[in-house]
Amino acid sequence: MEFKSNHASPVLTDPSPLNKSRRGIHSSLMPFSQAGPSFSGKYVTVTRKKPAKLDDVRSNGWLDAMKSSSPPHKKLNKSFNSEVTSDDSEFGYCCWLLKYPSALNSFEQIISYAKNKKIAIFLDYDGTLSPIVDDPDRAIMSDCMRSAVKDVAKYFPTAIISGRSRDKVYELVGLTELYYAGSHGMDIMGPVNHSVSADHLNRIKSTDHLGEEGNLFQPAREFITMIDKVFKTLLENTKSIKGAKVENHKFCASVHYRNVEEKNWPTIAQCVHDILKDYPQLHLTHGRKVLEIRPEIDWDKGKAVDFLIESLGLSNSDGVLPIFIGDDRTDEDAFKVLREGNRGYGILVSSVPKESNAFYSLREPSEVKEFLSYLVRWKKLEEEEAEDE
Ligand SMILES: O=P(O)(O)OC[C@H]1O[C@H](O[C@H]2O[C@H](CO)[C@@H](O)[C@H](O)[C@H]2O)[C@H](O)[C@@H](O)[C@@H]1O
């Protein structure tokens with residue numbers, strides 16, 4: 001079955017830059033002219049920055065990228081609900097499942113491949129362990145999810161790799177038995193007891209939230225001051241845009257537009273563009289209704305997965321099966337690393353069809369919880385059987 005077509009395709013193709021060659025926002029995409037005040041004739045006229053024609057922005061794909069960056073809210077779906085629409089989208093989803101089968105329905109297959117292998121679990125936070133909500137500060141993980149993650153970490157080395165700051169994600173998850181990587185993997189606290197190759201020069205010994213010794217790896221250390229400055233400027237420049245929210249993740253900064261009226265999205269884009277113009281050492285990535293400014297270094301969630309696998313002493317082995325579960329564009333880097341090396345499974349969490357480097361899919365965080373519980377049950381059983389033998 002062909003999923004991609006120009007019309008009425010069930011698949012949301014992703015027009016945003018997943019690859020590094022399309023980083024940043026070209027100035028032609030911006031809504032305002034860059035010219036300053038001009039003076040003419042006998043009257044002094046100040047040329048106001050003019051909003052660009054929406055059509056220009058649209059034809060360049062910028063607004064499309066912003067729009068397609070997250071599925072619509074459930075509450076919106078309801079208000080526009082019609083049986084035909086929901087049947088159509090359900091059909092589209094079922095077709096999509098042929099390409100990205102449900103990890104729950106494919107569980108037997110996954111564990112048959114995992115037999116005699118050591119599974120390592122990598123989890124994204126927002127949209128994977130917690131549902132997507134309007135206010136990023138209210139993205140709370142349920143108690144059942146917390147206990148599912150806690151259980152899985154008893155049996156498998158488990159790490160959370162989030163776009164949020166490491167401190168923030170630890171605060172939200174609150175489990176001491178995991179490894180945490182914040183800022184899209186630019187801030188990793190890994191285990192200390194395994195040797196890591198010498199090229200990871202930014203690795204230093206440190207203590208974790210419990211005061212335990214760990215290996216702290218921060219490849220973008222020199223950007224901390226710059227990101228803080230960028231965060232403050234963004235805060236100032238977006239303060240008049242209703243609904244805009246800026247976050248400082250220490251090694252990257254985010255500008256949320258989920259709660260901003262669509263007509264103001266070009267203004268958000270302008271603010272981000274202005275920053276990128278001033279800081280060529282930074283670049284843009286897209287998340288779910290969020291623009292993120294990151295250091296221009298060769299590091300992402302995929303590299304973070306590799307780093308953690310090595311830190312855990314699990315690299316260089318056919319006996320390891322890494323599984324990464326995530327929901328947004330930044331998770332694609334990790335899916336890609338696992339797919340390219342044929343090393344493990346990426347599982348995309350999505351309730352709508354979209355192109356991905358993942359192998360399997362789960363519809364929403366509740367299915368993630370179920371999948372983690374399946375893994376625990378299977379492992380327990382395997383251990384009990386081994387004891388009986
Ligand atoms: O890598 P993640 O753990 O998935 O973090 C990615 C971003 O997550 C947060 O934003 C997203 O979730 C919010 C709460 O549900 C939602 O309001 C927002 O629209 C989403 O983009 C976080 O606030 C971002 O800073 C992270 O980069």
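Both ligands and their constituent atoms are indexed starting at 1 by order of listing. Reckoned from all heavy atoms, side chains included, excluding hydrogens, waters and symmetry mates.
Residues Tyr180 and Tyr125 form no side-chain contact, since every pair of their non-hydrogen atoms from C-beta on lies 4.5 Å or further apart. With a 4.5 Å cut-off on side-chain heavy atoms, Leu372 and Lys369 do not count as touching. With contacts defined as side-chain heavy-atom distances shorter than 4.5 Å, the pair Asn237/Gln270 does not qualify.
The contact set between ligand 1 and Arg164, taken as ligand atoms under 4.0 Å from a residue heavy atom, comprises 9 (C), 22 (C), 23 (O). Close approach of ligand 1 to Val290 is summarised as follows: ligand atoms under 4.0 Å from at least one heavy atom of the residue are 21 (O). Close contacts of ligand 1 with Glu247, meaning ligand atoms under 4.0 Å from a residue heavy atom, involve 22 (C), 23 (O), 24 (C), 25 (O). Atoms of ligand 1 lying under 4.0 Å from at least one heavy atom of Tyr125, given by number and element, are 3 (O).
Between Leu321 and Arg343, the shortest heavy-atom contact is CD1-O, 3.9 Å.
Counting only heavy atoms of the protein, atom 7 (C) of ligand 1 lies nearest to Asp126 OD2, 4.0 Å. The protein atom (non-hydrogen) at minimum distance from atom 20 (C) of ligand 1 is Arg288 O, 3.3 Å. Scanning the protein for heavy atoms near atom 19 (O) of ligand 1, the closest one is Arg258 NE, 2.6 Å. Of the protein's non-hydrogen atoms, Asp328 OD2, 3.9 Å is the one closest to atom 6 (C) of ligand 1. Atom 14 (C) of ligand 1 has Val133 O, 3.4 Å as its closest protein atom, hydrogens excluded (heavy atom only). With respect to atom 3 (O) of ligand 1, the closest heavy atom belonging to the protein is Ser162 OG, 2.7 Å. The single protein non-hydrogen atom nearest to atom 10 (O) of ligand 1 is His256 CE1, 3.4 Å, given as residue, atom name and distance. Distance from atom 4 (O) of ligand 1 to its nearest protein heavy atom, with residue and atom name: Asp124 OD1, 2.5 Å.
Taking any N or O of Gly287, backbone or side chain, none lies under 3.5 Å from an N or O belonging to ligand 1.
The closest approach between a heavy atom of Lys301 and any atom of ligand 1 is below 4.0 Å. In this structure, Pro131 is part of the shell of residues with a heavy atom less than 4.0 angstrom from ligand 1. Under a 4.0 angstrom heavy-atom cut-off, Lys245 registers as lying outside contact with ligand 1.
Salt-bridge formation is not detected for the pair Lys250/Asp228: no Lys NZ or Arg NE/NH1/NH2 atom is positioned less than 4.0 Å from an Asp or Glu carboxylate oxygen. Salt bridge status for Asp143 with Arg146: present, with a side-chain N to carboxylate O gap under 4.0 Å.
Within the 4.0 Å heavy-atom criterion, the part of Ala139 lying near ligand 1 is the side chain and not the backbone. Contacts of Glu292 with ligand 1, taken as heavy-atom pairs under 4.0 Å, involve the side chain alone. At a heavy-atom cutoff of 4.0 Å, ligand 1 is contacted by the backbone of Asp134 but not by its side chain. With a 4.0 Å cut-off on non-hydrogen atoms, Ser254 touches ligand 1 through its side chain and not its backbone.
When atom types are taken as modelled, the side chain of Trp265 and the backbone of Val260 share a donor-acceptor pair closer than 3.5 angstrom. Side-chain N or O atoms of Glu367 include one that pairs as donor or acceptor with a backbone N or O of Arg363 at under 3.5 Å.
Looking at Thr330, Leu284, Leu282, Ile227 one by one, the single match for side chain to side chain contact (heavy atoms under 4.5 Å, CB included) with Arg294 turns out to be Thr330. Asp124 pairs in a salt bridge (Lys or Arg N to Asp or Glu O under 4.0 Å) with only one of the listed residues (Arg164, Arg288, Lys301), which is Lys301.
Residues Ser254 and Glu292 have side chains that bring a donor and an acceptor to within less than 3.5 angstrom of each other. Donor-acceptor pairing under 3.5 Å is recorded for the side chains of Tyr100 and Glu355.
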